[in-house]
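Source: prediction; values computed, not measured.
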Amino acid sequence: LGMIAELQLSVKYTAFDPEVAAECIERLKGIYHDVSMDFDAEHLIKLMSADKKNKKSEIRFSLLREIGEAVVDVSVKEGGIREVLETNKL
């Protein structure tokens, strides 16, 4: 779930190519097809809030601009995280 959500956030926040993201997501789903996507989004956001990368009350991610090129310290609002998580639920 984490890699899929981060790919989707990368499209939204760092202009990662949506077609490349979709291909990567399909490959991940093929590999991890038996992983449950039933989760509590609010609980995950609470856990993310405690991550050491965060500054002040901002949740921060390392996202992709393109394959092999990361963008670190990207601040993402809880609403954006919630939206991506909810689109991945069963």
> From Phe61 CZ over to Leu9 CG, what is the distance, rounded to the nearest 0.5 angstrom?
Replying inline: 5.5 Å

Output side-chain donor-acceptor pairs under 3.5 Å for residues 21-28, partner residues at least two apart or in another chain, one line each.
from  : atom 1 : to    : atom 2 : distance (Å)
Glu23 : OE2    : Arg27 : NE     : 3.4
Glu23 : OE2    : Arg27 : NH2    : 3.1

> With a 4.5 Å limit on heavy-atom distance, are the side chains of Ile45 and Ile59 in contact?
Replying inline: yes

>> Going by the rule salt bridge (charged side-chain N to carboxylate O under 4.0 Å, His left out), which residues pair with Lys46 if we only count those two or more places apart in sequence or in a different chain?
In response: none

>> By the salt bridge (Lys or Arg N to Asp or Glu O under 4.0 Å) test, which pairs, at least two apart or in different chains, include something from residues 7-21?
In response: Lys12-Glu83

> Taking only residues two or more places apart in sequence, or in another chain, which ones meet His43 in a side chain to side chain contact (heavy atoms under 4.5 Å, CB included)?
Replying inline: Asp40, Leu47

>> Minimum heavy-atom separation for Glu78 and Ser49, please, with both atom names.
In response: OE2-OG, 4.3 Å

>> I want to check something: taking the side chain as every heavy atom from C-beta on, are Val11 and Leu7 in contact at a cut-off of under 4.5 Å?
In response: no

> In Å, rounded to the nearest 0.5 Å, how long is the span from OG1 of Thr87 to CD of Gln8?
Replying inline: 4.5 Å

>> Looking at every heavy atom in both Phe39 and Leu85, which two are closest together, and how far apart are they?
In response: CZ-O, 3.2 Å

>> If you define the side chain from C-beta out and look only at heavy atoms, does anything of Lys77 sit under 4.5 Å from Arg82?
In response: no

> Which value, rounded to the nearest 0.5 Å, describes the distance between Ile81 atom CD1 and Glu86 atom CD?
Replying inline: 12.5 Å

Output a table of donor-acceptor pairs, distance under 3.5 Å, between side-chain atoms of residues 63-76 and any protein atom two or more places apart or on a different chain; print 'none' if there are none.
from  : atom 1 : to    : atom 2 : distance (Å)
Arg65 : NH1    : Glu69 : OE2    : 3.1
Asp73 : OD2    : Lys55 : NZ     : 3.0

>> Among residues at least two apart in sequence or on other chains, which ones pass side chain to side chain donor-acceptor pair (under 3.5 Å) with Lys53?
In response: Asp51

